[in-house]
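In listed order, ligands and their atoms are each counted from 1. Values in this document were obtained by computation on a predicted structure and should not be read as measured data. The figures that follow rest on heavy atoms only: side chains count, while hydrogens, waters and symmetry mates do not.
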Amino acid sequence: RPYEPVYVPKGENRISFDIPSNYLPERYKDIGDRILNRFGNDALSSVPIKNIAIPDLSVPLSLSRRETFSHFLPAHRKMATRLTELFMGMRTLEDLVSLAAYCRDRVNAQMFVYSLSVAILHRPDTKHLSVPQLAEIFPDKYMESSIFHRAREEANVVPAGSRTPIEIPLDYTATDADPEHRVAYWREDVGVNLHHWHWHLVYPFDGPRVAVNKDRRGELFYYMHRQIMARYNIERLCNGLPQVSRLNNFREPIPEAYFPKLDQQVAGRAWPARPSGFVLSDINRPADSLRFDIGDLERYRDRILEAIQSRQARLASGGTVRLDEERGIDILGNMIEASILSPDITYYGDLHNLVHMAISFCHDPDHRFLESFAIMGDATTAMRDPVFYRWHAFVDSLFTLFKDSLPAYTTQQLVFPGVSVSDVRVNSPGSNPNTLNTHWSKSDVELSRGLDFTPRGSTLARLQHLNHDDFTYTIVVNNTNNREVQGTVRLFMAPKFDETGRQMSFNDQRMLMIEMDKFTWTLNRGQNVITRQSVDSALTIPFEATFRNLEANRPNSSDLQSFDQFNFCGCGWPQHMLVPKGTRQGYPMDLFVMVSNFEQDRVNQAQPTGCRDGVSFCGLRDLKYPDARAMGYPFDRVARQGVVNLSDFLVPNMQTQQITVRFSGAVKSRQSNKQQTNNRT
Ligand code: CUO
């Protein structure tokens with residue numbers, strides 16, 4: 001979309017970029033004046049672009065603008081890494097903007113956004129900027145393709161300000177004849193997919209070392225994806241489906257089918273679908289510089305298993321490294337994913353990424369049909385496909401194998417001397433105590449930034465999604481120490497019963513413990529009553545980071561103006577997906593709270609500046625992960641001797657409460673517009 005001004009939905013403001021005429025690609029050079037003046041006085045503010053000496057772009061330019069881009073493809077990520085390095089290496093912000101302006105109409109659009117976003121997130125002079133919301137730049141990766149025709153039609157006929165949002169129905173990829181479709185609302189949720197894309201932007205597995213080499217990134221790869229698996233499995237149980245099976249045999253047919261119904265607007269093609277029963281094959285696609293056999297994947301898998309069993313890994317530099325209690329899981333995360341921090345990437349391979357690719361090319365493994373990868377080949381879209389969870393269930397089982405070989409936590413590693421929790425409960429206004437209420441909501445996403453049409457102006461897509469009533473935790477904690485102490489409050493919840501209706505054992509239940517919140521609290525002597533709002537969860541980003549606020553979404557409204565001034569964190573679990581759907585009858589879950597000793601959780605470092613949302617899944621920029629305990633503590637280890645059920649696991653600084661999650665089935669508008677208050681420490 002050359003030379004469109006960037007539309008900023010803040011009143012009628014438009015910004016154009018004043019591009020030096022030598023920046024125009026060959027194709028437009030002769031008609032440069034006409035293009036550059038295309039919007040005349042329509043563009044109210046103009047950003048001058050400095051004319052700089054353009055560095056060598058031959059590597060990123062080797063991917064055409066019309067190809068689909070995937071950072072899972074080694075050849076593509078080599079190009080993207082080069083481009084990211086160039087963006088990161090620009091001396092000043094002005095030079096960066098200039099190079100970006102030059103690249104925008106030459107480089108592959110998705111690679112451009114990927115590399116520029118990684119650079120923005122990691123350059124010291126841009127790290128306080130939010131990267132643009134991807135669903136607005138590439139709505140085709142998040143929404144059913146037919147809406148784009150409808151949006152253009154609406155925009156052509158109806159002036160901005162009077163346009164009606166284009167409604168996207170909840171069920172458009174399949175029917176309930178496919179049992180997997182019962183959880184499609186979860187897999188296809190825009191916020192969930194935005195979080196996943198953003199996580200991989202913040203934690204790239206390849207690229208400039210400063211972007212990759214982050215504190216405990218391998219462990220966070222394990223923990224964030226483990227939590228996704230637990231949440232998805234709970235959602236399945238709520239919908240009468242069994243937990244996900246693992247993809248542990250690379251030669252067996254894959255039962256799950258998926259027909260994405262997404263268009264790749266850039267390539268002008270539909271994303272490939274996968275009928276049931278497809279089998280993975282050896283991949284040989286010279287056009288993608290990609291060649292590997294199923295046998296290679298099996299070899300990598302067996303070598304990783306051997307490392308887990310022997311608790312040591314080979315180093316590329318020679319010698320070995322021990323997979324110990326403290327660092328083992330982090331090394332394994334980097335080894336399995338794999339990131340460039342893998343101890344030996346030639347020996348252990350690139351297992352997780354290559355299986356993403358093998359699945360995404362199973363419809364055309366040797367490129368004879370000139371087909372591109374399917375949605376599993378792109379972190380932006382992968383979570384929509386049921387096979388994502390089959391594959392990640394296997395990846396997770398490798399981590400579990402390692403974690404379960406570590407000794408159980410002793411009670412000394414769990415207690416907080418002098419501190420006990422006597423009660424925990426949840427309350428939602430107007431509802432029974434200890435009940436969480438879920439429902440559908442409809443919310444809007446702006447389409448106009450990502451669509452090429454005139455006349456411009458706001459055009460919205462309206463999506464139906466799961467949501468819940470806001471709620472409050474109340475926790476009663478007694479401190480019998482004769483001084484004030486600091487505690488870390490850890491909130492989790494898990495289903496009480498398994499698929500067959502039997503009460504879960506501790507070891508089964510701990511695998512489904514989803515983190516709900518985590519925060520530090522000062523405990524006075526005696527009794528303390530802690531209250532905490534669900535909107536303040538350390539897991540989530542605010543509702544408004546995913547959606548436009550429906551009520552405020554009128555052109556020129558003051559809320560819309562404040563929307564753009566709000567510096568959102570992109571990474572973080574969407575607030576509207578914090579609570580599992582539950583059931584109409586009420587789904588029984590155990591709410592668990594632990595108050596651990598902050599002295600042992602503390603990470604000594606500077607206070608974070610800027611973005612502090614979504615910390616549990618996304619960490620803090622430029623800082624260490626702000627919890628010294630193993631991620632998932634206290635549920636990341638097997639039960640100690642004598643623990644059969646959750647109640648046996650409890651020590652005085654823990655407490656549980658049975659809660660009910662009730663789904664109303666109704667479409668309800670949002671209960672509150674409350675912003676997160678950022679009051680966590
Ligand atoms: Cu996030 Cu497989 O790691 O997609």
Side-chain angles (χ1 to χ4, degrees), residues 69-74 76-77 110 114 117-118 134 141-142 186-189 191-207 211-212 214 216-233 244 246-248 250 254 256 258 260 271 280 297 300-301 304 329-330 332-342 348-362 373-400 570-574 577 614 616-619 631:
F69 164 80
S70 169
H71 73 293
F72 283 130
L73 266 177
H76 287 191
R77 68 181 181 252
Q110 297 167 74
Y114 176 78
S117 303
V118 174
L134 204 69
K141 287 172 183 275
Y142 297 88
W186 197 94
R187 282 188 270 108
E188 292 163 5
D189 185 84
V192 164
N193 282 280
L194 280 174
H195 159 69
H196 186 239
W197 141 266
H198 229 105
W199 191 92
H200 282 281
L201 264 192
V202 180
Y203 293 97
F205 49 78
D206 198 348
V212 181
K214 298 204 173 91
R216 294 167 77 184
R217 76 160 309 282
E219 185 179 7
L220 196 52
F221 171 78
Y222 137 78
Y223 181 62
M224 197 284 290
H225 288 86
R226 142 89 38 110
Q227 284 284 306
I228 283 179
M229 289 309 300
R231 286 182 166 270
Y232 185 61
N233 275 323
V244 184
R246 288 173 293 157
L247 199 164
N248 47 7
F250 300 148
I254 297 171
E256 291 87 3
Y258 193 66
W271 285 91
L280 304 186
L297 301 175
Y300 297 147
R301 177 193 63 195
I304 291 168
I329 191 71
D330 191 44
L332 269 182
N334 286 318
M335 179 201 281
I336 293 170
E337 186 181 4
S339 82
I340 54 169
L341 306 180
S342 167
Y348 296 111
D350 188 13
L351 182 67
H352 152 267
N353 293 334
L354 285 185
V355 174
H356 265 274
M357 277 343 280
I359 294 171
S360 75
F361 280 135
C362 68
F373 50 84
I375 63 166
M376 260 297 266
D378 187 342
T380 326
T381 47
M383 282 186 70
R384 308 172 76 87
D385 190 330
V387 78
F388 174 95
Y389 306 89
R390 183 176 280 270
W391 173 229
H392 269 274
F394 178 74
V395 170
D396 195 49
S397 72
L398 294 174
F399 293 126
T400 304
C571 187
W573 195 249
M577 296 297 271
S616 284
F617 280 180
C618 302
M631 296 181 197

Original post:
Could Arg187 and Phe388 be counted as a cation-pi pair, given that NZ or CZ must be under 6.0 Å from the ring centre and within 45° of the axis?
Top reply: no
Original post:
Which word best sums up how the rings of Trp199 and His225 line up, parallel for under 30°, tilted for 30 to 60°, or perpendicular for over 60°?
Top reply: perpendicular
Original post:
Relative to each other, are the rings of His392 and His352 parallel, tilted or perpendicular (30° and 60° limits)?
Top reply: perpendicular
Original post:
Listed by chain and number, what are the salt bridge (Lys or Arg N to Asp or Glu O under 4.0 Å) partners of Asp189, not counting sequence neighbours?
Top reply: none
Subject >> Within 6.0 angstrom of Arg246 CZ, more than 12 heavy atoms from elsewhere >> reply: no
Original post:
Can you pull the residues with any heavy atom under 4.0 Å from ligand 1?
Top reply: His196, His200, Phe221, His225, His352, His356, Phe388, His392
**OP:** Would you confirm whether Trp186, through its side chain, and Tyr232, through its main-chain N or O, come within 3.5 Å as a donor-acceptor pair?
**Re:** no
